[in-house]
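Count residues from 1 along the sequence. Nothing here was measured: the structure is a model prediction, and the numbers come from that model.
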Amino acid sequence: MTQLQINTKRQVQDTLETLSSEKLQLSYKKAVPFVHIPNELAAQWDNYKSLRGRSWYREIWTDIELIALKEFENDFNQWSKNLGKKWADVPSIFDNKSWQELMKSSQKCLNSISG
């Protein structure tokens, strides 16, 4: 695996880990209080989606991991479609049932790709 692939895989895992954890989202908000955390995480995920068609990106993942990532992407897209672009920020968004479901979906995906 190239360094680009190693770094990208770690970044995807880090994003999913942050998405799945209130504690990590709160820490992120504390570190960069001017950043809207859900928007930032959504932008990170959108960046990974744009890489999906590249062969070097697909090589990072097993077939099972690619399925898990696609399932999460479907959940993410549904969440985004349902809420539009007006999302509460951390910590208020933790009261949103859709965000809680997305957090669970990201944890499920993370479990599948972290071995």
Do Val90 and His36 touch side chain to side chain, with heavy atoms closer than 4.5 Å? no
Give a yes or no on this: more than 12 heavy atoms of other residues, nucleotides or ligands lie within 6.0 Å of atom NZ of Lys108. no
Do Gln3 and Asn7 have a side chain donor and acceptor closer than 3.5 Å? yes
Hey, would you say the Trp99 and Trp87 ring centroids sit under 6.0 Å apart? no
Tell me, do Val12 and Trp61 make a side-chain contact under 4.5 Å, heavy atoms counted? yes
I'd like to know if the side chain of Gln5 and the backbone of Glu59 have a donor-acceptor N/O pair within less than 3.5 Å. no
Show the numbers, then the answer: is there a side chain to side chain contact (heavy atoms under 4.5 Å, CB included) between Ile113 and Thr62? CA-CA 8 Å; Ile113 68 170; Thr62 67; over 6 Å; no
What distance do Thr8 atom OG1 and Asn47 atom CG have between them, rounded to the nearest 0.5 Å? 8.5 Å
Hydrophobic clustering (ILVMFWY, side-chain heavy atoms < 4.5 Å, transitive) - are Leu110 and Ile67 grouped together? no
Looking only at heavy atoms, what is the nearest atom pair of Ser105 and Asp75, with distance? OG-OD2, 2.5 Å
Closest non-hydrogen contact found for Ser20 with Gln107 is OG-OE1, 3.1 Å
Can you tell me if NZ on Lys104 sees more than 12 non-hydrogen neighbours from other groups inside 6.0 Å? no
Quick one: pull up CG in Leu16 and SG in Cys109 and give me the separation to the nearest 0.5 Å. 4.5 Å
Do you know which two heavy atoms are closest between Ala88 and Pro38, and how far apart they sit? O-CG, 3.4 Å
Side chain of Ser21, backbone of Thr18: donor and acceptor closer than 3.5 Å? no
Glu22 versus Gln100, side-chain donor and acceptor atoms under 3.5 Å: yes
So Gln44 and Gln11, do their side chains get closer than 4.5 Å, heavy atoms only? no
For Ile60 and Glu65, which heavy atoms make the closest approach, and how far apart are they? O-OE1, 4.1 Å
Ile93 CD1 to Ile37 CD1 distance, which is reported to the nearest 0.5 Å: 10.5 Å
Evaluate the side-chain proximity of Glu17 to Leu24: yes if any heavy-atom separation is below 4.5 Å, no if none is. yes
Side chain to side chain donor-acceptor pair (under 3.5 Å) partners of Asp89, counting only residues at least two apart: Lys29
Side-chain donor-acceptor contact under 3.5 Å, Tyr48 with Thr15: yes
Flag for Trp45-Glu40: side-chain donor and acceptor within less than 3.5 Å: no
Side chain to side chain donor-acceptor pair (under 3.5 Å) against Lys70, all qualifying residues, sequence neighbours excluded: none
Report yes if some heavy atom in the side chain of Leu102 is under 4.5 Å from a heavy atom in the side chain of Asn96; otherwise report no. no
Can you measure from CD (Glu73) to CG (Asp46) and round to the nearest 0.5 angstrom? 9.0 Å
Can you tell me how far apart OG (Ser112) and CD1 (Ile64) are? Round to the nearest 0.5 Å. 8.5 Å
Arg58 atom CZ, neighbour heavy-atom count above 12 within 6.0 Å: yes
Locate the shortest heavy-atom distance separating Gln13 from Ser114; write the atom from each residue and the value. NE2-OG, 3.8 Å
Correct closest heavy-atom pair for Arg52 and Tyr57 would be CA-CD2, 3.6 Å
Measure the OG1-CG distance between Thr2 and Leu4 for me, rounded to the nearest 0.5 Å. 5.0 Å
Given Lys81, Lys49, Glu71, the one that forms side chain to side chain contact (heavy atoms under 4.5 Å, CB included) with Phe76: Lys49
